[in-house]
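Below is one structure, written out as structure tokens; comments come after it.
Side chains included, hydrogens not; waters and symmetry mates left out as well; all remaining heavy atoms used. Proteins get letters first, then strands, A, B, ... in listed order; numbering begins at 1 in each.
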There are 2 protein chains.
Amino acid sequence: MSTVRSQSDRQSNCQSGPRVAEDPRERILLAAGQEFAEHGYEAATVRDICLEAGVNVAAVNYYFGDKRRLYIESVKHAHEARARQVPLPAWPPSTPAAERLHDFVANMLERMLGFGQPPWQVRLMMREVLQPTDACRELVEDYIRPHFAVLVAILDELAEGAIADPELRRIGLSIIGQCFLYRAAGDVVAMLVPSEELAALHSPPQLAAHVTRFALAALGLGPPLPLKERRR
Amino acid sequence: MSTVRSQSDRQSNCQSGPRVAEDPRERILLAAGQEFAEHGYEAATVRDICLEAGVNVAAVNYYFGDKRRLYIESVKHAHEARARQVPLPAWPPSTPAAERLHDFVANMLERMLGFGQPPWQVRLMMREVLQPTDACRELVEDYIRPHFAVLVAILDELAEGAIADPELRRIGLSIIGQCFLYRAAGDVVAMLVPSEELAALHSPPQLAAHVTRFALAALGLGPPLPLKERRR
DNA sequence: AGTTGATTGAAACAGCCGTTTGAAACGCGT
DNA sequence: ACGCGTTTCAAACGGCTGTTTCAATCAACT
């Protein structure tokens with residue numbers, strides 16, 4: 001016979017909806033994002049996802065068709081939420097380009113490494129970057145390319161037109177790469193750098209200052225990195 | 001039950017080196033490295049590995065115990081082979097530090113992106129870097145840390161003692177990050193940069209020149225990057 | 001109330017996974 | 001020839017996977 005427990009659950013969900021009262025679809029997407037981010041596509045199981053979402057295993061097929069389409073939807077969902085949560089800084093027109101560069105780098109690092117947001121969204125997107133699947137193109141076009149274009153525009157302003165676009169893109173990738181390393185290979189970085197040094201010099205704000213100074217110095221727009229006097 | 005080291009090791013190191021006729025143990029390690037590199041630990045199956053190695057499925061348990069130990073052994077095997085194949089450049093003592101930096105970067109890029117060697121070894125090591133497992137620590141200590149130390153020594157020579165070690169490490173990571181991006185996120189880079197530009201400006205030699213110039217300029221040891229005359 | 005269509009539930013499906021088994025095949029000193 | 005330890009083989013083992021089934025349940029409308 002039918003259990004009575006599920007019926008009481010449904011009644012509590014109907015009126016108040018205080019606990020986890022979202023769409024089942026939404027709950028599945030949330031749980032799927034976390035599971036896929038943590039374990040990857042292959043290792044994550046729809047059973048674990050449904051267990052965490054509090055729905056039946058059949059629900060994922062009912063709402064999304066199969067695992068692959070659920071994955072793609074969860075990537076979309078994560079990067080849309082991320083774009084909404086951490087938008088690009090909106091600078092007043094008078095902001096110096098150097099300051100924009102620093103803000104951009106700090107924003108990127110905070111988005112990648114910061115603890116302001118739950119980390120699974122970035123981890124999920126990082127998996128797509130490292131090993132692209134069908135969901136990658138959309139992620140690049142909607143999220144990464146616009147950010148990259150802003151960075152290139154800032155660099156163009158800094159160079160005052162003296163650098164052609166291809167070279168600007170190369171410099172932009174150099175800047176992104178410096179931040180990317182800490183996100184993708186953070187564990188190895190932590191093994192290469194003493195822990196107290198890691199906390200003192202490799203925190204997001206410190207890194208933002210370093211990367212910005214590095215780039216400005218390379219462009220001849222700031223003092224070179226050996227700040228102390230030379231002892232030749 | 002314990003794993004078995006092949007009893008016929010004595011003749012295996014002969015000069016001949018026929019193509020597929022090595023130790024079963026060696027064949028399994030080779031096939032496992034390729035499969036793990038391509039699909040990752042979870043998605044790779046021991047059946048596919050044994051099929052490619054031309055051995056029975058029971059062989060992997062006979063020689064290695066289980067899948068996890070086979071994985072760890074294959075990572076060790078890959079990074080030992082890699083260290084043997086592509087050693088660090090041995091510079092004559094008179095070599096200028098700037099030239100050493102360029103050689104180091106070019107060597108790293110060639111190792112990461114070059115087509116001189118089968119790509120699966122680097123891909124396998126990259127997986128360990130991105131998501132460390134038990135095999136990671138050894139990989140860092142034997143392979144990555146020595147390379148990193150060489151880079152830091154070059155930078156120290158360039159800075160002529162004007163930069164403290166922690167800052168040198170940070171600069172070193174900045175240089176590595178620029179190369180790392182192309183290896184780990186190469187697909188996304190290819191989507192952000194027009195294809196003809198990618199071939200012309202983002203090949204390993206071009207990148208080595210760019211990264212070196214970028215770093216030297218940041219250190220005040222070379223011309224800043226806007227090389228063309230300004231047009232504003 | 002009765003009907004309809006959307007949603008949920010427990011159970012089962014076929015298939016692949018890593019691993020184990022027990023016996024056959026091998027190499028080799030005697 | 002024999003015996004013996006090492007290596008290979010086909011087959012099977014639970015167990016877990018994604019997916020499907022179909023009846024039960026729900027909300028809404030007539």
Side-chain angles (χ1 to χ4, degrees), chain A residues 1-17 19-29 31-33 35-36 38-74 133-134, chain B residues 1-12 14 20-33 35-36 38-74 133-134:
Chain A
M1 298 302 275
S2 63
T3 64
V4 195
R5 181 176 56 83
S6 64
Q7 199 169 359
S8 67
D9 273 356
R10 199 165 284 112
Q11 277 189 349
S12 74
N13 171 11
C14 177
Q15 163 67 357
S16 59
R19 293 178 301 188
V20 268
E22 294 187 27
D23 231 343
R25 216 186 120 93
E26 209 76 15
R27 289 210 312 270
I28 297 175
L29 279 175
E35 287 294 310
F36 285 137
E38 179 122 12
H39 304 104
Y41 176 77
E42 312 277 353
T45 72
V46 301
R47 277 180 171 83
D48 287 348
I49 291 170
C50 292
L51 188 71
E52 191 170 323
V55 300
N56 191 272
V57 278
V60 49
N61 290 74
Y62 179 74
Y63 284 105
F64 300 95
D66 59 9
K67 187 188 181 185
R68 172 149 254 108
R69 270 175 286 183
L70 167 62
Y71 173 77
I72 293 177
E73 287 302 313
S74 75
T133 69
D134 296 339
Chain B
M1 57 185 69
S2 62
T3 62
V4 175
R5 285 205 95 86
S6 173
Q7 196 174 357
S8 55
D9 269 354
R10 40 206 166 83
Q11 275 192 345
S12 70
C14 191
V20 216
E22 292 188 24
D23 244 337
R25 214 186 124 93
E26 210 74 17
R27 288 212 312 271
I28 296 175
L29 278 174
L30 192 77
E35 286 295 310
F36 285 137
E38 179 121 11
H39 304 106
Y41 176 77
E42 312 276 356
T45 72
V46 301
R47 278 181 169 83
D48 286 348
I49 291 171
C50 292
L51 187 72
E52 190 168 325
V55 301
N56 192 272
V57 278
V60 49
N61 291 77
Y62 179 74
Y63 284 106
F64 299 96
D66 57 10
K67 186 188 182 184
R68 171 148 255 108
R69 272 175 285 183
L70 168 61
Y71 174 77
I72 293 177
E73 286 302 313
S74 75
T133 70
D134 297 338

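For the residue pair Lys67(A) and Phe36(A), the shortest heavy atom distance occurs at CE-CE2, 4.0 Å. Closest heavy-atom contact between Asp66(B) and Asn61(B): CA-ND2, 4.1 Å.
Within residues 56-72 of chain A, the residues having any heavy atom under 4.0 Å from DNA chain D are, by residue number, Ala58(A), Asn61(A), Asp66(A), Lys67(A).
A distance-only check finds no donor-acceptor pair linking the side chain of Asp23(B) to the backbone of Arg25(B) [under 3.5 Å].
Rounded to an integer number of Å, the gap from Glu35(B) CD to dC17(C) C1' is 15 Å. Between the OH atom of Tyr41(A) and the P atom of dT17(D) there is a distance of 14 Å, given to the nearest Å. Atom-to-atom, CZ of Arg25(B) to P of dT8(D) comes out at 13 Å; the value is rounded to the nearest Å. Across the protein-nucleic acid pair, Ile49(B) atom CD1 and dG18(C) atom P stand 8 Å apart, rounded to whole Å. The nearest whole Å value for the distance from the CZ atom in Arg47(A) to the C1' atom in dC16(C) is 13 Å. Rounded to whole Å, atom P of dC16(D) lies 19 Å from atom CD of Glu42(A). In this entry the distance linking CG of Asp23(B) with C1' of dG27(C) reads 15 Å, nearest Å.
A cation-pi arrangement is not found for Arg69(B) relative to Tyr63(B), the charged atom failing to lie both closer than 6.0 Å to the ring centre and inside a 45° cone about the ring normal.
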- Please test Leu70(B) against Ile28(B) for side-chain contact (heavy atoms from CB on, under 4.5 Å), starting from the C-alpha separation and ending with a verdict. CA-CA 9 Å; Leu70(B) 168 61; Ile28(B) 296 175; 3.9 Å; yes

- Take Asp134(A) and Tyr71(A), measure what side-chain contact (heavy atoms from CB on, under 4.5 Å) needs, and give me the verdict at the end. CA-CA 10 Å; Asp134(A) 296 339; Tyr71(A) 173 77; over 6 Å; no

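Heavy atoms of Ala43(A) sit nowhere under 4.0 angstrom from any nucleic acid atom.
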